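Written out below as structure tokens is the structure these notes cover.
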Amino acid sequence: MDFNKPATRWEQQVDLLRARGMVIPDAGRALHYLSHINYYRLTGYWLPFEADHSSHQFTPGTTFDAVLNLYIFDRELRLLLLDAIERVEVSLRAQWAYHMAHRHGPHAYLDASHASNLKLHARHLAQLEKELSRSEEAFIQHYQQKYQKPVSPPVWAVSEIMSFGMLSRWITQMVPSDRAALAKTYQMDQGMLKNFARHLTYVRNLCAHHSRVWNRKLTVTMPLPRTKPTGLKANMSTTRTRNIYNTLVMLVHLLSVISPGSHWAERLIALLDKHQIETSKMGFPSGWRAMPIWKTSVEASHENH
């Protein structure tokens, strides 16, 4: 089948949505948002409102404002996720550098004996050296100008020029005993930390590239924790593991370690309430508000007002 759809003007897009049953009281307002967001991007937010996907007819009463509300919520959710992920990433950089330096020396990352896979270590080291060669950070340039050997800076410096993806790959390739020391900081076991670092990198990239996360089926998932963190599994969904809910639970736990008294969980709940979101689309289980992770986090943030 050949593609033969012509491009449509914004006015035509408004007419098309109306013809399919969407209620648009203010055509000018809808045209404004379509011209700045893109019809195709908004498609992901009005799909749940379609009564029949083949004909794209909307459920009676579907409004443009309801679709826009979901879009704005998802945008604000991504920003909130990035806020939490930044704190986790910065913490992981600090902890990885500290543990490697104190266990094996300032240049431990250069030694392949501390990696679980020699080929991957060589590949990751080459990528890191490429980043170092083009870094304009003053502390990297200072080291390279002042010291001859080793050519590469100490681990606490190189950790600061890594992307989160690169950092997660180094954490993934740590030998289990080293990763266990790092995981202990977060009350996790080393296997959970390994998988979650990879998962969180994926979620971070979704947010950074403005992709929909609200009702997305995540392709890089995280396993449910077994015994560590203690009691955390009871707050998670065991059936909707491809939605964002379990990621949110893990972030609330990590922030309780990194930023005690954080208002992040309270801000998330306020965002859900503000936009009147159907949380089941995100994998939230029924009765989630009464679960300890949410009650404890909100109570702790109130104590720190």
Side-chain angles (χ1 to χ4, degrees), residues 33 37 41-50 59 61-88 196 199-200 202-218 221-222 224 229 231-305:
Y33 281 106
I37 297 175
R41 173 177 284 271
L42 282 174
T43 299
Y45 299 92
W46 64 55
L47 281 176
F49 294 97
E50 289 184 349
T59 302
T62 298
T63 66
F64 185 81
D65 280 350
V67 174
L68 187 61
N69 176 65
L70 275 182
Y71 175 81
I72 294 171
F73 163 74
D74 194 47
R75 176 184 172 276
E76 293 177 349
L77 174 63
R78 290 195 301 271
L79 293 173
L80 193 61
L81 280 165
L82 284 172
D83 176 55
I85 293 169
E86 176 196 348
R87 283 184 269 182
V88 173
F196 186 70
H199 169 74
L200 198 59
Y202 163 71
V203 174
R204 184 262 174 205
N205 288 341
L206 288 176
C207 294
H209 293 104
H210 324 303
S211 300
R212 178 174 44 83
V213 296
W214 151 66
N215 68 342
R216 178 181 289 272
K217 293 291 188 291
L218 304 174
T221 58
M222 54 171 270
L224 292 172
L232 194 65
K233 185 178 179 180
N235 297 277
M236 292 186 165
S237 171
T238 58
T239 57
R240 303 286 295 280
T241 56
R242 289 187 61 196
N243 291 107
I244 197 68
Y245 173 75
N246 286 347
T247 312
L248 300 174
V249 172
M250 185 60 80
L251 285 172
V252 171
H253 164 73
L254 288 171
L255 289 177
S256 73
V257 175
I258 299 166
S259 304
S262 165
H263 300 282
W264 193 83
E266 189 177 14
R267 289 163 59 201
L268 173 63
I269 294 171
L271 182 63
L272 293 167
D273 291 344
K274 173 186 173 184
H275 293 276
Q276 300 181 325
I277 298 302
E278 185 181 346
T279 54
S280 62
K281 300 284 187 183
M282 301 168 64
F284 281 64
S286 59
W288 63 272
R289 289 176 188 263
M291 291 180 171
I293 190 77
W294 302 107
K295 290 185 67 177
T296 303
S297 296
V298 171
E299 289 167 2
S301 66
H302 286 169
E303 291 174 2
N304 284 273
H305 269 310

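All values below were derived from every heavy atom in this structure, side-chain atoms included, with hydrogens, water molecules and symmetry-related copies excluded. Computed from a predicted model, the values in this text were never measured in an experiment.
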Item to check | Rounded distance (nearest 0.5 Å) linking atom NZ of Lys217 with atom OG1 of Thr241 | outcome: 10.5 Å
Item to check | Residues forming a side-chain contact (heavy atoms from CB on, under 4.5 Å) with Thr279, sequence neighbours excluded | outcome: Leu272, Phe284, Trp288
Item to check | Partners passing side-chain contact (heavy atoms from CB on, under 4.5 Å) against Arg289 (at least two apart in sequence or in another chain) | outcome: Ile269, Asp273
Checklist entry - When you measure from the side chain of Thr63 to the backbone N and O of Ala66, does any donor-acceptor pair fall under 3.5 Å? => result yes
Extract all donor-acceptor atom pairs below 3.5 Å that involve side chains of residues 207-214 and protein atoms in other chains or at least two apart in sequence.
from: His209; atom 1: ND1; to: Asn205; atom 2: O; distance (Å): 2.8
from: Arg212; atom 1: NH1; to: Asn215; atom 2: OD1; distance (Å): 2.5

Next on the checklist: Walk me through whether Leu232 and Leu224 qualify under side-chain contact (heavy atoms from CB on, under 4.5 Å).
Outcome noted: CA-CA 9 Å; Leu232 194 65; Leu224 292 172; over 6 Å; no
Checklist entry - Sequence neighbours excluded, which residues qualify as side-chain hydrogen bond (donor to acceptor under 3.5 Å, both in side chains) partners of Tyr245? => result Trp294
Checklist outcome for this item: Here the salt bridge (charged side-chain N to carboxylate O under 4.0 Å, His left out) pairs for residues 231-257, sequence neighbours left out, are none
Checklist entry - Considering residues at least two apart in sequence or located in another chain, which fulfil the salt bridge (Lys or Arg N to Asp or Glu O under 4.0 Å) criterion with Arg216? => result none
Next on the checklist: The criterion is side-chain hydrogen bond (donor to acceptor under 3.5 Å, both in side chains); which residues satisfy it with Glu278, sequence neighbours excluded?
Outcome noted: Ser280
Checklist entry - Any donor and acceptor pair, going by atom type alone, linking the side chain of Trp46 with main-chain N or O of Phe64 inside 3.5 Å? => result no
Checklist entry - Hey, what do you get for CG (Leu271) to CD1 (Ile72), rounding to the nearest 0.5 Å? => result 11.0 Å
Next on the checklist: My understanding is that only residues two or more places apart in sequence, or in another chain, count here; which of them pass side-chain hydrogen bond (donor to acceptor under 3.5 Å, both in side chains) with Thr221?
Outcome noted: none
Checklist entry - If you measure from CZ on Arg78 to CG on Leu80, what distance do you get to the nearest 0.5 Å? => result 12.0 Å
Next on the checklist: For Lys274, give me all partners under salt bridge (Lys or Arg N to Asp or Glu O under 4.0 Å), at least two apart in sequence or on another chain.
Outcome noted: Glu76
Item to check | Minimum heavy-atom distance Thr59-Thr62, with the two atoms named | outcome: O-OG1, 2.7 Å
Item to check | side-chain contact (heavy atoms from CB on, under 4.5 Å) evaluation trace for Asn235 with Val252 | outcome: CA-CA 11 Å; Asn235 297 277; Val252 171; over 6 Å; no
Checklist entry - Roughly how far, to the nearest 0.5 Å, is the OG atom of Ser262 from the CG atom of Leu251? => result 10.5 Å
Checklist entry - What heavy-atom pair brings Ser237 and Gly283 nearest, and what distance separates the two atoms? => result CB-O, 3.6 Å
Item to check | Worked check of side-chain contact (heavy atoms from CB on, under 4.5 Å) between Leu200 and Met250 | outcome: CA-CA 10 Å; Leu200 198 59; Met250 185 60 80; over 6 Å; no
Item to check | Contacts of type side-chain hydrogen bond (donor to acceptor under 3.5 Å, both in side chains), residue Tyr45, not counting sequence neighbours | outcome: Asp74
Next on the checklist: Distance check, rounded to the nearest 0.5 Å: Leu248 atom CG versus Leu77 atom CG?
Outcome noted: 6.5 Å
Item to check | Where Leu42 and Val67 come nearest, the two heavy atoms and their spacing | outcome: O-CG1, 4.3 Å
Checklist entry - Atom CG of Leu255 and atom CZ of Arg87: how far apart are they, to the nearest 0.5 Å? => result 5.0 Å
Next on the checklist: Suppose we screen for salt bridge (Lys or Arg N to Asp or Glu O under 4.0 Å). Which residues come up paired with Asp65, at least two apart in sequence or across chains?
Outcome noted: Arg29
Next on the checklist: A quick test of your reading: do over 12 heavy atoms of other residues, nucleotides or ligands sit less than 6.0 Å from CZ of Arg267?
Outcome noted: yes
Checklist entry - Checking Asn69 side chain against His275 main chain: does a donor-acceptor pair fall under 3.5 Å? => result yes
